[in-house]
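The structure appears right after this line, and notes come after that.
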Amino acid sequence: MFSLDLFLNALVAGVLLGGFYAAVSLGISIAFGLLDVVNIGHPIFVILGSYAAFVLNDAYGLDPLLSGVLFAPVFFLIGVVVYQVYYLSFERKGESPLRGLVFFFGLLFIIEVALLLKFGVDYRLIEAPYIGRSIHIGEVGIAFRLLVPCVVGLLMTLAITQFLSRTFYGRAIKGVAQDSLALRLMGIDPVRIKTIAFGLGIATASVAGALLIMISPVEPSIGRAYIGRVFAIAVLGGLGSIGGTLTAALILGIAESLTATFSGPSWSLAVSFGILLLVLAVRPAGLFGR
Amino acid sequence: MQARWLLALAGVLIVGAFVVTRTVDNRYVYFAAYGILQYVLLATAWNILGGYTGYVNFGTGAFFALGAYTSVFLIQAVQAPLVVLIVAGGLVSGLLGFGIGYLTLRLRGVFFSIATLALAVVLETMMVNWEYVGGAKGISIIRPSAGPLFTNYVQLLFVVMAALAMGAVAVAWFIEHSRIGRGFATIRDNEEAAECMGVPTLRLKLLATTVSGCLMGIAGAPFPYYITFVEPVSAFNLSYAVNSLAMPMVGGTTSWVGPIIGAVLLGTLQQLATVTISSELNLLIVGVVLVAFVVLAPEGILGLLRRGTRRTRA
């Protein structure tokens, strides 16, 4: 049974979800797309952000968005440390990127189990005055818990693109992606630039985590579901293209929302991985690939 | 000559395992030993693809669970005997491995790894939605009688798994000491160069993914009888992927001995930690050990030993 109302609602929810997915994928787009660092553990940093927001909300009733921004510098420092370890043990030695991949996989596993030990398997959620509310336009309902993450996600994406194209450091990051030797000849240390860029990517996870816990309750192992999503988005959008990331995030959000509405929510997870397998098999360069 | 000695040793070990079932009565011993042997099998299977050809597979859980669910299906449908389950599990997972092998045509390195992870989630979603094999809520499996030779079914499974693990190690040993193994090594070192020298890389990669997948399916086939309750979260558990990757990394990936050392070491450590501390903490141990080895000793224990002997000789 096809109903137009249901379809429109699913479509709007999908677009809103897409905006949020863009926020989650930004870190991967920077690390994987621009720096060639396959940070498969990115989703667990998002979950870490969710728990940071949860702890502050639980203890002081702090707004999740505020704590997301508040924790961003901390996450930046974590990113700096992680990249330094990665650089010293793998990149500098010219080790194959696969060992680095295993390193991030192990990191993901460690953080997940640590969260599990600290908080258990209970689903955690958050309280804020605007989370339960929604507005209606005709037959289409827009829930604030989806709208706020979407708007914030879009703003963050915009901010990152502006940073990358307008500022000195942003341009240097793009330069590292294109030709790090040339950058070195210009008297800029590529390792320092990459450290900053990787830290920036992890910092976005702090905000994305706060958005995630607004949308749905969080439990340590749900990070895995996002591995497929973020890589599907990064690959579909074309590596290194932030605009492509946004487009791909919207496509995935809509596809997942429609699937969840018309075939049941338990199938929606397969959509992202299906898209990922399809893109990898048919056009690995993605929609806007270099 | 060496091959014959090793075969004899394997035979002695299997007979030994059988003799142990005559003398030791504590059921937990078999339960724990089965777990460790299962990891010897999984780690060896992972290493055939990951260690020899250098394609890192994050989807061990998918192949393992596919073997387990093939068993569940056959038990549900025709009450098939254990031997049939093992063969069927191996065949189905081997077929999946063959399919994954074709992916390597387009996907090299990290993209292949991400695709295997994706595969695991897609398969898990399918099993969650397939009610016949239990769906999301899982399914109970009743063990058949253990037969005249054994006092209980776990003992039987223990001896079977010992034989299967030996078989897998024998396969790995054979591959390593044949032309195939050298072909695998060329793929690991430089795939383009190997192709240019006339090494049939595609055929070799298909062989590696098929054999590796098949062995993982065989490891999963007796799982329903071992655990007696199968549900997607435990069958597709990420810990299979982490363990089967950590064990060869800890032991050393370039030799058939490596996965055995890693599996026995990490497997025993985890069994001890589960009993004495908690089951979450033992996963933390695996993660920390994995990261520590990847960062500090990328060649594994075998590499450390090799470095040690070289130093004493010099």
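Of all heavy-atom pairs spanning Trp256(B) and Glu176(B), the tightest one is N-OE1, 2.7 Å. Scanning all heavy atoms of the two residues, the minimum distance from Ala208(A) to Val46(A) falls at C-CG1, 3.9 Å.
Considering only heavy-atom pairs separated by less than 4.5 Å from chain A, the leading option among Leu284(B), Asn129(B), Val291(B) is Asn129(B). Here Val295(B) is the residue among Val56(B), Val288(B), Val295(B), Leu296(B) with the most heavy-atom pairs under 4.5 Å with chain A. With chain A as partner, the option from Ile285(B), Val128(B), Val286(B), Leu283(B) having the largest number of non-hydrogen pairs under 4.5 angstrom is Leu283(B). When each of Ile110(A), Ile40(A), Leu108(A), Leu88(A) is scored by its heavy-atom pairs under 4.5 Å with chain B, the top score falls to Ile110(A). Chain A forms more heavy-atom pairs under 4.5 Å with one residue of Val121(B), Leu117(B), Leu123(B) than with any other, namely Val121(B).
Judged purely by distance below 3.5 Å, without hydrogens or angles, the side chains of Gln84(A) and Thr195(A) pair a donor atom with an acceptor atom. Thr201(B) and Glu191(B) are not linked by any side-chain donor-acceptor pair at a separation below 3.5 angstrom, with hydrogens and angles left out of the test. Side-chain contact check for Arg229(A) and Tyr21(A): at least one donor-acceptor pair (N or O, by modelled atom type) lies under 3.5 Å.
Contacts with chain A (heavy atom to heavy atom, under 4.5 Å) involve these residues of residues 236-251 of chain B, listed by number: Leu238(B), Ser239(B), Ala241(B), Val242(B), Leu245(B), Met249(B). Taking 4.5 Å as the heavy-atom cut-off, the residues of residues 113-121 of chain A that approach chain B are Val113(A), Ala114(A), Leu116(A), Leu117(A), ordered by number.
The shortest distance between side-chain heavy atoms of Tyr55(B) and Asn57(B) does not fall below 4.5 Å. Looking only at side-chain heavy atoms (C-beta outward), Glu231(B) and Met127(B) stay at 4.5 Å or farther from each other. Leu96(B) has its side chain within reach of Leu119(B): a pair of non-hydrogen atoms, C-beta onward, lies under 4.5 Å apart.
Ring planes of Phe111(B) and Phe32(A): tilted class, angle from 30 to 60°. Ring planes of Phe45(A) and His42(A): tilted class, angle from 30 to 60°. In this pair, Tyr87(A) and Tyr83(A) present their aromatic rings parallel. The plane angle is below 30°, not in the 30 to 60° band. A tilted orientation is assigned to the rings of Tyr52(B) and Phe184(B), their planes being inclined by 30° to 60°.
With a 4.5 angstrom heavy-atom cutoff, Ile227(A) touches chain B only via side-chain atoms. Ile111(A) does not touch chain B: none of its heavy atoms, backbone or side chain, sits under 4.5 Å away. With a 4.5 Å cut-off on non-hydrogen atoms, Leu290(B) touches chain A through its side chain but not through its backbone. For Phe103(A), the parts lying near chain B are the backbone and the side chain together; criterion is any non-hydrogen pair under 4.5 Å. Only the side chain of Val235(A) comes within contact range of chain B, judged by heavy atoms closer than 4.5 Å. Residue contact with chain A, scored on non-hydrogen atoms closer than 4.5 Å, involves the side chain of Thr253(B) exclusively. Looking at Phe293(B), there are no atoms closer than 4.5 Å to chain A (heavy atoms on both sides), in backbone or side chain.
Put simply, CZ on Arg182(B) and CG on Leu204(B) are 12.0 Å apart, with the number rounded to the nearest 0.5 Å.
Ser180(A) places no side-chain N or O within 3.5 Å of a backbone atom of Val176(A) that could act as its donor or acceptor partner.
Centroid-to-centroid, the aromatic rings of Phe73(B) and Tyr69(B) stay 6.0 Å apart or farther.
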